[in-house]
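As the structure lists them, so they are numbered: ligands from 1, and atoms in each ligand from 1.
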Amino acid sequence: MAQLNIKNLSKVYSGGVTAVSDVSLAVENKEFVVLLGPSGCGKSTALRMVAGLEFPTKGDIYIGDRLVNNVPAKDRDIAMVFQNYALYPHMKVYDNMSFALKLRGYSKRDIDKRVKDAAEILGVTRLLERKPWELSGGERQRVAVGRAIVRKPLVFLFDEPLSNLDAKMRVQMRTEIHKLHLKIQATMIYVTHDQTEAMTLGDRIAVMKDGKILQLDTPLNVYDRPINKFVAGFIGSPPMNFMEGRIIKKDSSLYFDEGKFKVKILAQMYDKLTDCIDKKIIFGVRPEDIYDKLFASYATAENTLIALCDVVETMGAQNYLYLSTSKHTFVAVTDSSNKPSTGNMVEVVFDMKKIHFFDPATEKIIV
Ligand code: ADP
């Protein structure tokens, strides 16, 4: 297996679209890195350049110590799994999985062992004699993954491999890919726009926007310490709530003043906020850090607010409360054992340890 090193990679398509802009990324041996971002941010283009399916306008790609910029895709020792499976429709599963090995001149015995081992790992042994049209979407994707693993490539590339599956199958295949990574310990790069896939699969996540990597870190760090408002809003479901307001100082305490409510900021954040007093600021709080007052033993007048309950979505273990002050709407994820009534006022409590502030001009994190 191998490291992958991308240095200052850019891609400008012939129409003048800059799809990838000066991206650098070092993926460690056996690491699982997810490229995450909204549609059109350049994830697939970056992956396709690593695969050798697109050529960089600028920058270098190393697989191990080898510069591969001018190495054709077939000689890069990588395997790519696509969203649309890309199986050969007229070939049986066995032949789909063995095709690349045959082309490379492997012996029949070696091919048979590799295909059967891969089939076993992926639970498709009983499907080896079927044709792709006789398989479900999930089974086809398993075969597509099998076709990649038989070659034991240096690096695996996945381009939104679960997008064509229904919700249940997507969750199941996500777990399978996670197990596969643990089992075969390969270097993997995985492209998705789905933050749950990124959080659950990645050793590290590269959050991309407009062709650039904004933040590269572990899932927990990206969640707890987002570098800016975009990353904060992209990671987490339902997304982080943002409210514009001001920092005000009263006696020697700092408060966030939304206009309709005020909450007291914890002293440990004061250092970073001294330049923000009496200025506009963006307050961020995740829905899961807002509690129904009934269940918040630490509720005080200074972390509690009253809001109108516009809608309640019952999710089973939790409720999603869609709340509003007259200035902002926001979402709280609360314990389902109390269901507030739509149209009533509810008291909710912010976990003030977990809040964030962002600069309204640059959208960078302040604290
Ligand atoms: P993502 O995978 O994040 O959805 P892509 O890498 O597919 O994004 O695309 C990034 C940008 O490059 C988009 O604006 C897209 O329209 C553009 N793009 C992608 N492929 C081509 C192409 N072959 N020719 C011109 N523009 C392209």
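For the pair Lys250 and Tyr255, the cation-pi test (distance below 6.0 Å, angle within 45°) is passed.
Across every non-hydrogen atom of Cys309 and Ser341, the tightest pair is CB-O, 3.8 Å. In plain terms, the two heavy atoms of Pro226 and His356 that are nearest each other are CD-CE1, 4.1 Å.
Side chains of Met199 and Tyr223 form a contact here, defined as non-hydrogen atoms less than 4.5 Å apart.
Ligand 1 lies under 4.0 Å from heavy atoms of Tyr13, Val17, Ala19, Pro38, Ser39, Gly40, Cys41, Gly42, Lys43, Ser44, Thr45.
In this structure, Tyr322 belongs to a hydrophobic cluster whose other members, linked by side-chain heavy atoms under 4.5 Å apart, are Val311, Met315, Tyr320, Val331, Val333.
Taking the six-membered ring for Trp and the full ring otherwise, Phe357 and Phe283 have centroids separated by under 6.0 Å.
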